[in-house]
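A quick write-up on the structure given underneath.
A note on names: the letters A, B, ... follow the listed sequences, proteins ahead of strands, and every chain is numbered from 1. This structure is a prediction, so every number in the text was calculated from the model and none was measured.
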Amino acid sequence: MSIKVEVPTILRSLTDGAKAVEGEGTDLAGLFVDLDARYPGIRDRLVEDGALRRFVNVYLNDEDVRFLASLATPLTAGDVVTILPAVAGGAV
Amino acid sequence: MLVIRRDLIELILEHARKDHPDEACGVVVGPAGSDCPLRFVPMENAARSATFYEFDSAALLRLYREMDSRGEEPIVIYHSHTATPAYPSRTDISYASEPNAHYVLVTTREREPEADDAEVRSFRIRDGIVSEEQVRIV
């Protein structure tokens with residue numbers, strides 16, 4: 001089963017410049033392991049200590065996965081996963 | 001160097017003053033690859049904080065979808081500091097994720113009339129390295 005993954009500019013150095021790639025997995029954690037096999041280093045940019053990195057937003061079919069089950073969010077064929085780095089900062 | 005129209009700078013400053021004492025944030029987008037900021041898009045600071053800003057995640061996705069469909073990209077990513085100079089903080093640097101964008105900072109802190117620190121400054125932030133650049137207002 002194939003999941004479409006939309007890749008932000010800052011991670012395209014890991015996907016040979018591709019804006020979108022295909023991956024497989026029954027949940028988001030599995031998808032990132034699958035992607036990392038072909039695009040080494042990408043999982044580390046998304047996952048830290050077994051949780052989604054704070055400054056990365058991941059959407060499943062346009063829904064923020066933090067409002068679903070985060071890395072345990074189940075996936076089905078045809079799903080679209082979008083990765084966007086948070087736009088954030090502050091004075092301290 | 002950032003080249004930007006005066007009215008866009010005025011809009012950024014107006015937004016920053018309106019949201020003070022919270023930090024204000026947003027983007028000025030333009031055609032991808034043009035390095036030309038054209039369309040002012042103020043964003044809501046989901047953190048509603050005097051010391052932190054974050055684009056709301058749903059609004060962020062809508063913004064990127066809209067830019068994609070129009071062939072645009074964020075040329076300027078701006079935010080305000082409310083009590084400190086317009087210089088990137090450690091947090092700003094660690095979160096910066098658009099190597100091609102101009103990070104514009106403005107400050108709304110009270111300044112002495114003769115203060116020589118600028119109210120509007122622009123930076124590139126790449127791989128954790130900050131480099132200030134000239135701002136040319138046209």
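Under a hydrophobic clustering in which Ile, Leu, Val, Met, Phe, Trp and Tyr are joined whenever their side-chain heavy atoms come within less than 4.5 Å, directly or via other members, Tyr87(B) and Val120(B) fall into different clusters. Connection of Leu68(A) to Val80(A) is not established within any shared hydrophobic cluster, with ILVMFWY side chains joined at heavy-atom distances below 4.5 Å, either directly or through further cluster members. Side-chain heavy atoms closer than 4.5 Å link hydrophobic residues (I, L, V, M, F, W, Y) into clusters, and following such links, possibly through other members, connects Val135(B) to Leu11(B). Hydrophobic clustering (ILVMFWY, side-chain heavy atoms < 4.5 Å, transitive): Tyr95(B) and Ile83(A) are in one cluster. Follow the hydrophobic side-chain contacts under 4.5 Å out from Val47(A) and you reach Val21(A) in the same cluster.
Minimum heavy-atom separation, Pro99(B) to Ile10(A): CD-CD1, 4.3 Å. The two residues Ser97(B) and Ala86(A) have their closest heavy-atom pair at OG-O, 3.7 Å. When all heavy atoms are compared, the tightest approach of Thr84(B) to Ala91(A) is OG1-CB, 3.7 Å.
A 4.5 Å side-chain heavy-atom check between Leu60(B) and Tyr59(A) finds at least one atom pair inside the cut-off.
Residue Asp127(B) does not touch chain A at all, counting heavy-atom pairs closer than 4.5 Å. Heavy atoms closer than 4.5 Å to chain A are found in the side chain of Arg65(B), but not in its backbone.
The stretch residues 21-57 of chain B places Glu23(B), Thr51(B), Phe52(B), Tyr53(B), Glu54(B), Phe55(B), Ser57(B) near chain A, each with some heavy atom under 4.5 Å from a heavy atom of that chain.
Taking His102(B) as the reference, nothing meets the ring pair (Phe, Tyr, Trp, His ring centres under 6.0 Å) condition, with sequence neighbours excluded. Qualifying side-chain hydrogen bond (donor to acceptor under 3.5 Å, both in side chains) partners for Tyr64(B), counting only residues two or more places apart in sequence or in other chains: Glu98(B). Remark: Ala69(A) engages Ala72(A), Thr73(A) in a side-chain contact (heavy atoms from CB on, under 4.5 Å) (not counting sequence neighbours).
The side chain to side chain contact (heavy atoms under 4.5 Å, CB included) with Leu61(B) is formed by just one residue from the set Leu84(A), Asn57(A), Asp64(A); it is Leu84(A).
Few gaps surround CZ on Arg38(A); more than 12 heavy atoms of other groups in view lie less than 6.0 Å from it.
If you take CD on Glu73(B) and OG1 on Thr9(A), they are separated by 7.0 Å, rounding to the nearest 0.5 Å.
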